[in-house]
Chemist: 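For reference, the structure I am asking about is given below.
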Amino acid sequence: MLIDNHGRPITYLRLAVTDRCNLRCFYCMPEEGISFLPKPHLLTFEEMLRMVRMMAELGIKKVRITGGEPFVRKELMSFLRALVAIPGIEKVNITTNGVLTEHLVPELKALGISSINLSLDTLDRERFKEMTRRDELPNVLRTLDALLEHEIDTKINAVVMAGKNDQDILPLVGLSEKMPVSVRFIEEMPFNGSGLNETAFMSYHKIIDIIKEAHPSLAKLKDAASSTSYNYSIPNHLGNVGVIAAYSRTFCGTCNRIRVTPTGTLKTCLYDDGVLNIRDLLRSSTDDVAIKETLTQVFTNRHKDGFEAEANRKSIVTESMTTIGG
Ligand code: SAM
């Protein structure tokens, strides 16, 4: 069992399988200028499976596949088939923009993928095109329909920014009326290739106020212990809504998660700049026992929270979320 120096059990891995993406969301990366990594720098799927097997032996029970856009990596489905079969891995979830996902939904269901987070910042086609620099909203909405049709637990994640898509908050909340989805609004973070856009930042308090004004009967739900979202119900809505204080970092005290970037950098906090390169370990050693020992050591010195992790970085946060895994 991995337990960090603050007594937090580590049970959840977020694994970014690629840095490439088929959208160019303006709050995530510049339109041009991100140089995607050459393939040999990326963990291979075989390396990822070996790593997850070791982590499962250390107590990781849940894996979220993210990126970049996971579905742009070739052979993702074969990888998922092997991943769900790893002993000890109880849940495999995926975060996707849904552009390439619709036709794969039946197989995802058959594989037992527990939950999908679909990123969707607006229901307005023009604004979607503006924000993502691609005209793909119809494909995303078809994926949403397919997920619901196949009864896969679905969360919609929307990054909210003032003057960009704050007018989309209520239409997105509206999805939860007729659909059994969780619509979660995320504070913008500085992971975009240049740093926080302070003028557009909207705090989770502000987002909740907007929802409450339109839905005065908004009621707080009890959140799971390691939940990153504050969740609410609205009477007569099939689904619910939530806010994720990703920049305010209110949830670090119960953080049970780690991240591995496409190049195998282990992050024990989104805001740290990496604590270990697992790819190099995997490539230089066949001794899984020694690698597991190195992994365990990392958690004897984990930052208390995202503020401490950020303060201890070698450089300020500017990297794109696509190179980390959101
Ligand atoms: N391509 C997949 C997707 O779009 O869901 C997975 C990777 S994407 C980086 C994961 C999540 O990170 C998305 O919901 C995205 O909106 C969020 N994200 C990206 N940049 C962000 C930022 N600067 N602040 C907050 N969230 C961000």
Chemist: Return the CG to CG distance between Asn139 and Leu144, rounded to the nearest 0.5 Å.
Modeler: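 Those atoms lie 12.5 Å apart.
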Chemist: Are Thr323 and Phe36 close enough, and set up right, to give a side chain to side chain contact (heavy atoms under 4.5 Å, CB included), and what steps lead you there?
Modeler: CA-CA 8 Å; Thr323 63; Phe36 293 117; over 6 Å; no
Chemist: Determine, step by step, whether Glu31 and Arg24 satisfy the salt bridge (Lys or Arg N to Asp or Glu O under 4.0 Å) criterion, reporting the C-alpha distance in whole Å, the side-chain angles of both residues, the deciding distance to 0.1 Å, and the verdict.
Modeler: CA-CA 6 Å; Glu31 185 160 21; Arg24 290 287 179 278; over 6 Å; no
Chemist: Distance check, rounded to the nearest 0.5 Å: Ile207 atom CD1 versus Asp166 atom CG?
Modeler: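 The CG atom of Asp166 is 9.5 Å from CD1 of Ile207, to the nearest 0.5 Å.
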Chemist: Same cluster or not: are Leu120 and Val243 linked, directly or through other Ile, Leu, Val, Met, Phe, Trp or Tyr residues, by side-chain heavy atoms under 4.5 angstrom apart?
Modeler: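 Looking at the clustering, Val243 is in the same group as Leu120.
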Chemist: Please examine the side chains of Phe299 and Ile3, heavy atoms only from C-beta on, and report whether any two atoms are closer than 4.5 Å.
Modeler: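 With C-beta onward as the side chain, the pair stays apart.
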Chemist: Considering only heavy atoms from C-beta outward, does the side chain of Leu43 approach that of Val260 to under 4.5 Å?
Modeler: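 Contact flag for Leu43/Val260 side chains = yes.
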Chemist: Within a radius of less than 6.0 Å around CG of Asp209, do more than 12 heavy atoms belonging to other residues, nucleotides or ligands occur?
Modeler: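 Count over threshold, so yes.
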Chemist: Go through the side-chain N and O atoms of Asn312 and Asp272 and say whether any donor and acceptor fall under 3.5 Å apart.
Modeler: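 There is no such pair between these side chains.
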Chemist: Just wondering, more than 12 heavy atoms not from Lys220 lying within 6.0 Å of its NZ?
Modeler: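 Buried by this count: over 12 neighbours within 6.0 Å.
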Chemist: Side chains of Thr254 and Ser226 only: does a donor on one sit below 3.5 Å from an acceptor on the other?
Modeler: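 Judged by distance alone, the side chains do not pair up.
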Chemist: Any heavy-atom pair between the side chains of Val63 and Asn93 that's under 4.5 Å?
Modeler: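 No, every pair of side-chain atoms sits at 4.5 Å or beyond.
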Chemist: Would you mind reporting whether Met1 and Thr11 have side-chain heavy atoms less than 4.5 Å apart?
Modeler: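 They are in contact (side-chain heavy atoms under 4.5 Å apart), so the answer is yes.
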Chemist: Any heavy-atom pair between the side chains of Leu80 and Leu83 that's under 4.5 Å?
Modeler: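 In contact.
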Chemist: Are Ile113 and Leu49 connected in a single hydrophobic cluster, I mean Ile/Leu/Val/Met/Phe/Trp/Tyr linked by side-chain heavy atoms less than 4.5 Å apart?
Modeler: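 Result: yes, single cluster for both.
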Chemist: Could you check Met48 against Phe79 for side chain to side chain contact (heavy atoms under 4.5 Å, CB included), going step by step and ending with a plain yes or no?
Modeler: CA-CA 9 Å; Met48 289 182 209; Phe79 168 69; 3.8 Å; yes
Chemist: Indicate yes or no for a side-chain donor-acceptor contact from Ser285 to the backbone of Leu282 under 3.5 Å, with no hydrogens or angles considered.
Modeler: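 Not a single qualifying donor-acceptor pair exists.
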Chemist: Are any non-hydrogen side-chain atoms of Val181 and Asn240 less than 4.5 angstrom apart?
Modeler: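 No; the side chains remain at least 4.5 Å from each other.
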Chemist: Short question: side chain of Arg20, backbone of Glu69 - any donor-acceptor pair under 3.5 Å?
Modeler: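 Absent.
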Chemist: State, without any angle test, whether Glu293 and Thr296 hold a side-chain donor-acceptor pair at a distance under 3.5 Å.
Modeler: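 Looking only at side-chain atoms, Thr296 and Glu293 do not form any donor-acceptor pair under 3.5 Å.
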Chemist: So, Asn165 side chain and Asp121 main chain: donor-acceptor pair closer than 3.5 Å or not?
Modeler: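 Yes; at least one donor-acceptor contact below 3.5 Å.
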Chemist: Would a hydrophobic clustering, with Ile, Leu, Val, Met, Phe, Trp and Tyr connected at side-chain separations under 4.5 Å, put Ile116 with Val17?
Modeler: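 Yes, it is one cluster - the side chains of Ile116 and Val17 are joined through contacts under 4.5 Å.
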Chemist: Do we see a donor-acceptor contact under 3.5 Å between the side chains of Asp223 and Asn231?
Modeler: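 Yes, a side-chain donor-acceptor pair sits under 3.5 Å.
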Chemist: To the nearest 0.5 Å, what is the distance between OG1 (Thr95) and CZ (Arg14)?
Modeler: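 Answer for the OG1-CZ pair, Thr95 versus Arg14, is 5.5 Å.
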Chemist: Does atom NZ (Lys304) have a neighbourhood of more than 12 heavy atoms from anything else shown, all under 6.0 Å?
Modeler: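 Result for NZ/Lys304: open.
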Chemist: Do Arg259 side-chain atoms and Leu13 backbone N/O form a donor-acceptor pair below 3.5 Å?
Modeler: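 No, Arg259 side chain to Leu13 backbone: no donor-acceptor pair under 3.5 Å.
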Chemist: Provide the closest heavy-atom pair for Arg133 versus Pro30 in the form atom of the first, atom of the second, distance.
Modeler: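 It is NH1-C, 3.6 Å.
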Chemist: In Å and rounded to the nearest 0.5 Å, what is the CG to CG distance from Asp145 to Leu147?
Modeler: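 The distance works out to 9.0 Å.
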Chemist: Does Pro138 reach the side chain of Arg125, with side-chain heavy atoms less than 4.5 Å apart?
Modeler: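 Side chain of Pro138 against side chain of Arg125, heavy atoms only: contact under 4.5 Å found.
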Chemist: Does atom NZ (Lys91) have a neighbourhood of more than 12 heavy atoms from anything else shown, all under 6.0 Å?
Modeler: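 Incorrect, the count does not exceed 12.
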Chemist: Just checking, Lys164 and Phe26: is the charged tip under 6.0 Å from the six-membered ring centre and within 45° of the axis?
Modeler: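 Judged by the rule, Lys164 and Phe26 form a cation-pi pair.
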Chemist: Decide whether a cation-pi geometry holds between Arg313 and Tyr271; the criteria are a distance under 6.0 Å from NZ or CZ to the six-membered ring centre and an angle within 45° of the ring axis.
Modeler: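 Geometry flag: not set, cation outside 6.0 Å or 45°.
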Chemist: Run the salt bridge (Lys or Arg N to Asp or Glu O under 4.0 Å) test on Glu136 and Lys129 for me, step by step, so that the C-alpha distance in whole Å, both residues' side-chain angles and the decisive distance to 0.1 Å come before the verdict.
Modeler: CA-CA 7 Å; Glu136 296 285 6; Lys129 205 165 132 188; over 6 Å; no
Chemist: Donor-acceptor pair, distance only, cut-off 3.5 Å: does the side chain of Thr143 make one with the backbone of Gly98?
Modeler: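 Checked: pair present.
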Chemist: So, does Ser248 use its side chain to make a donor-acceptor pair with the main chain of Thr250 at under 3.5 Å?
Modeler: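 Not confirmed, Ser248 side chain does not pair with Thr250 backbone.
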Chemist: Donor-acceptor check, side chain of Arg64 to backbone of Ile94, threshold 3.5 angstrom: yes or no?
Modeler: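 Side chain of Arg64 to backbone of Ile94, a donor-acceptor pair under 3.5 Å: yes, one is there.
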Chemist: What do the steps show when you test Ile89 against Val84 for side chain to side chain contact (heavy atoms under 4.5 Å, CB included), and what is the final call?
Modeler: CA-CA 7 Å; Ile89 297 302; Val84 296; over 6 Å; no
Chemist: Just by distance, do the side chain of Asp19 and the backbone of Leu37 share a donor-acceptor pair under 3.5 Å?
Modeler: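 Yes; at least one donor-acceptor contact below 3.5 Å.
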Chemist: Can Lys62 and Val92 be said to form a side chain to side chain contact (heavy atoms under 4.5 Å, CB included), step by step?
Modeler: CA-CA 6 Å; Lys62 172 173 159 186; Val92 175; over 6 Å; no
Chemist: So Arg127 and Asp168, do their side chains get closer than 4.5 Å, heavy atoms only?
Modeler: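 Result yes, sub-4.5 Å side-chain heavy-atom pair found.
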Chemist: Applying a strict under-4.5 Å side-chain criterion to I, L, V, M, F, W and Y, I'd like to know whether Ile10 and Val275 cluster together.
Modeler: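 Yes, it is one cluster - the side chains of Ile10 and Val275 are joined through contacts under 4.5 Å.
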Chemist: Is the number of heavy atoms from other residues, nucleotides or ligands within 6.0 Å of NZ (Lys292) greater than 12?
Modeler: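 Correct, the count exceeds 12.
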Chemist: Restricting to non-hydrogen atoms, name the atom on Ile324 and the atom on Glu319 that form the minimum distance, rounded to 0.1 Å.
Modeler: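 Reported closest heavy-atom pair: CD1-CG, 3.6 Å.
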Chemist: Once you round to the nearest 0.5 Å, how far does OG of Ser182 lie from CD1 of Ile156?
Modeler: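 So the gap between those two atoms works out to 9.0 Å.
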Chemist: Should Asn97 and Ser119 be marked as a side-chain hydrogen bond (donor to acceptor under 3.5 Å, both in side chains) after you check the CA-CA gap, both sets of side-chain angles, and the distance that decides it?
Modeler: CA-CA 5 Å; Asn97 60 35; Ser119 301; over 6 Å; no
Chemist: Identify which one of Phe201, Phe307, Tyr27 satisfies the ring pair (Phe, Tyr, Trp, His ring centres under 6.0 Å) criterion when paired with Tyr247.
Modeler: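 Answer after filtering Phe201, Phe307, Tyr27: Phe201.
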Chemist: Where do Arg50 and Asp288 land on the salt bridge (Lys or Arg N to Asp or Glu O under 4.0 Å) test, with the steps shown first?
Modeler: CA-CA 9 Å; Arg50 182 178 164 211; Asp288 288 5; 2.8 Å; yes
Chemist: With hydrophobic residues grouped by side-chain heavy-atom distances under 4.5 Å, do Ile244 and Met131 end up in a single group?
Modeler: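 Yes, one cluster joins them.
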Chemist: Is it true that a side-chain atom of Lys212 and a backbone atom of Leu218 form a donor plus acceptor pair closer than 3.5 Å?
Modeler: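 No, the answer is negative, given that no donor and acceptor are paired below the 3.5 Å cut-off.
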Chemist: How far apart are the closest heavy atoms of Glu187 and Ala245, and which atoms are they?
Modeler: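 In this case the closest contact between Glu187 and Ala245 is OE1-C, 3.4 Å.
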Chemist: Is the distance from the ring center of His215 to that of His237 below 6.0 Å?
Modeler: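 Close enough - the centres of the two rings lie under 6.0 Å apart.
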Chemist: So, the side chain of His303 versus the backbone of Cys269: is there a donor-acceptor pair under 3.5 Å, distance only?
Modeler: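 No; judged by distance alone, with no hydrogens or angles, the pair does not exist.
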Chemist: Regarding Arg302 and Asn5, is there a side-chain donor-to-acceptor distance under 3.5 Å anywhere?
Modeler: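 Arg302 vs Asn5: no donor-acceptor pair found between side chains.
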Chemist: For the rings on Phe185 and Tyr204, is their centre-to-centre separation under 6.0 Å?
Modeler: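 Distance test on ring centres: not under 6.0 Å, no.
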Chemist: Atom CZ in Phe45, atom NZ in Lys74: separation rounded to 0.5 Å?
Modeler: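 Between atom CZ of Phe45 and atom NZ of Lys74 there are 11.0 Å.
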